[in-house]
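What you see is a predicted model; the values in this text were computed from it and never measured. Chain A is the first sequence line, chain B the second, and so forth, proteins listed ahead of strands; every chain is numbered from 1.
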There are 2 protein chains.
Amino acid sequence: MVKKSFSNMACSLARALGIIGEWWSMLIVRDFFLGNGVRRFEQLRDSLGISRNILTERLKTLTEAGVIERVPLREGGKRCAYKLTDQGVDLMPTMVAMMQWGEKWQSEPKQRLVVVREKATGDEIAPLCLRNQGGEPLSMRDLYLTAVGPHGEQVVKEWPPDWITDSDQLPASTLKH
Amino acid sequence: MVKKSFSNMACSLARALGIIGEWWSMLIVRDFFLGNGVRRFEQLRDSLGISRNILTERLKTLTEAGVIERVPLREGGKRCAYKLTDQGVDLMPTMVAMMQWGEKWQSEPKQRLVVVREKATGDEIAPLCLRNQGGEPLSMRDLYLTAVGPHGEQVVKEWPPDWITDSDQLPASTLKH
DNA sequence: CAGAAAAGTTCTATGATGCAACTAATTTTG
DNA sequence: CAAAATTAGTTGCATCATAGAACTTTTCTG
C-alpha cells in the first residue's frame, strides 16, 4: 500500500517516494526494463525472490499509480502480463541515477546486473549530470536551491558554502538554532 | 536498519536501495540539501515530522553508509550536527531525477518544495536525460540494455520493441513462458 | 480428460514503524 | 549560580508491513 502520508505532501520528491519508495518497487521496475518492458507474475517472482502477496500488492500499487498496466493474454481471461506505461518508462533516469550512485559508492560486492549502452557505438552511457537549459553541465557550485514556502515566496539558499568541503567548522547559525 | 537482503545483491541498484530505499531516507537527504548540507536532530524532526526513534535509526544507517557524518559542536561534547559527505552530495542527481519524475507524473497536489536553479541565469535546471560519452542526449530508441549473467557474459536485450508503444499485442515469447 | 502451471488469496509469525513518555547532558535565563 | 528549557536521544507499547508457506481457482498442455 502506498504511504499515504507521503503521497499528499507538498513535495514532488515525497509524492514520487509514495509510489516508488516502497521496498521492491524500483527492483520490480528494473525487472520490467530487463524484460523489454513486459513481465508476468511468476517471472517477476522467480527473478526477484519476492513473496507472492507482496508482489501482488506492489503490482496493484504500481498499476493504480499508472506506472504499469495489465495486459490480458486472452480476452475475458483472468491471466495477464504487466507492462510499463510511458510513465513507467520515464523512470529510466531515476533508475540509472540510483544504479550509478550505487556503483560509485556502494560497490561491495563489485557486481552489477544492468548495463545501459548506446546502440550506435556500444559504449556505456555517460554518468548523469545536472545541466542548464542550454545543455551545459553544471557543478554544485553553479547551483542554488530555493525552498518554496507556505505563502508561495521562495527562500533562497546558497549552495554549497565553503565550509562544507573546506573544514569541519560550523557556522554560527548552526550553533544557535 | 539497512535491508540486508538488498545490500548484498549483485546489482548496484539494489545496493543503493539498501541505503536510500528506506522510508524517509531520501526525504532526510532532501532536508540536508535545503540546509546547505547540514542539519541537526531537532531541525530534521520538526521539518519532516518523523518520529525520534526512526530518525535516530535513519541517521545511524546513513552515517554507517557514509552518506552523512556527525560533526561535534563542542569538543568532547555529546551534541552534534550532521552533514552530507561527498557521497551524500552525490545523491543530488538521484534526488533531482525523482523530483522531476514526481512533478511530471504525480502532480496532485501541484506543489513542490525544492527548486534547483543555475546561479548564472536564475533559470531552473533542465530535465535530466541520458547521454552518450560525447554528451549527446539519447532517447529510449538509441539504447539497449545488457543483463550481466552469472558467468560474466552479457545477454543483450533490444529496447524498446515496437509493440510496447504501438499496440497491446504481446509477442509469442510472452505467451509461452 | 488428467495433470501441471499461473496468478493469485489467506494464514501466521516476525520485523518495522509511529507515538508517547522518560532521561541525561548541555545551554539559557533570572 | 540555580532553575528552567532545549537537545539528542532511549525505552516501551500498539499497529502496520513483510516473508513464507499452504491453499484456491483458472488456464494450458499432453
Self-check item: Partner residues of T56(B) under the side-chain contact (heavy atoms from CB on, under 4.5 Å) criterion, sequence neighbours left out
Solution: F41(B)
Quiz item: Donor-acceptor pair, N36(A) side chain versus V38(A) backbone, under 3.5 Å?
Solution: no
Exercise. May I have the distance from I68(A) (atom CD1) to dA7(C) (atom C1'), rounded to whole angstrom?
Key: 14 Å
Practice problem: Answer yes if the side chains of D90(A) and W101(B) hold a donor-acceptor pair under 3.5 Å, and no otherwise. | Solution: no
Quiz item: Hey, which of these two, S51(A) or R79(A), hits DNA chain D nearer its 5' end, going by closest nucleotide?
Solution: S51(A)
Quiz item: Taking the side chain as C-beta and beyond, is there a heavy-atom pair between R15(B) and I19(B) under 4.5 Å?
Solution: no
Quiz item: Expressed in angstrom and rounded to an integer, what is the separation of R39(B) atom CZ from dT7(D) atom C1'?
Solution: 16 Å
Quiz item: To the nearest Å, how far apart are L27(A) CG and dA19(D) P?
Solution: 11 Å
Exercise. Find the distance L55(B):CG to dT7(D):C1' and express it as a whole number of Å.
Key: 12 Å
Quiz item: Which of these nucleotides, dC19(C), dT7(D), dA6(C), is closest to any side-chain atom of R40(A)?
Solution: dA6(C)
Could I get a table of every N or O pair under 3.5 Å where one atom is in the protein and the other is in nucleotides 8-13 of chain C?
| residue | atom | partner | partner atom | Å |
| --- | --- | --- | --- | --- |
| dG8(C) | OP2 | Y82(A) | OH | 2.6 |

Quiz item: Under 3.5 Å, is there a donor-acceptor pair linking the side chains of Q133(B) and E124(A)?
Solution: no
Quiz item: salt bridge (charged side-chain N to carboxylate O under 4.0 Å, His left out) between R141(B) and E118(A): does it pass, once the steps are laid out?
Solution: CA-CA 9 Å; R141(B) 307 230 164 231; E118(A) 185 186 12; over 6 Å; no
Quiz item: E57(B) has an atom CD; how far is it from atom P of dC19(C), in whole Å?
Solution: 15 Å
Practice problem: Specify the separation, in whole Å, of atom CG of D46(B) and atom P of dT6(D). | Solution: 11 Å
Exercise. Measure from the side chain of L73(B), starting at C-beta and using heavy atoms only, and say which of dT17(C), dT18(D), dA8(D) lies closest.
Key: dA8(D)
Quiz item: Are the charged groups of D31(A) and R39(A) less than 4.0 angstrom apart, N to O?
Solution: yes
Exercise. Let me see the working for R52(B) and E42(B) under side chain to side chain contact (heavy atoms under 4.5 Å, CB included), right down to the final yes or no.
Key: CA-CA 9 Å; R52(B) 289 163 196 281; E42(B) 289 301 318; 2.7 Å; yes
Practice problem: Identify the two heavy atoms, one from L17(A) and one from W23(B), that lie closest to each other, and give their separation to 0.1 Å. | Solution: O-CZ3, 3.6 Å
Exercise. Using only heavy-atom distances, decide whether a donor-acceptor pair under 3.5 angstrom links the side-chain of R45(B) to the base of dT7(D).
Key: no
Quiz item: Could you give the angle between the helix axes at the two ends of the helix from dC1(C)-dG30(D) to dG30(C)-dC1(D), with five pairs per end, rounded to 10 degrees?
Solution: 20°
Quiz item: Do any side-chain nitrogens or oxygens of W24(B) fall under 4.0 Å of OP1 or OP2 in dG18(C)?
Solution: yes
Quiz prompt | d(CD, E22(B); C1', dA16(C)) in whole Å | solution = 10 Å
Quiz item: Can you check the I54(A) CD1 to dT14(C) P distance for me, whole Å?
Solution: 16 Å
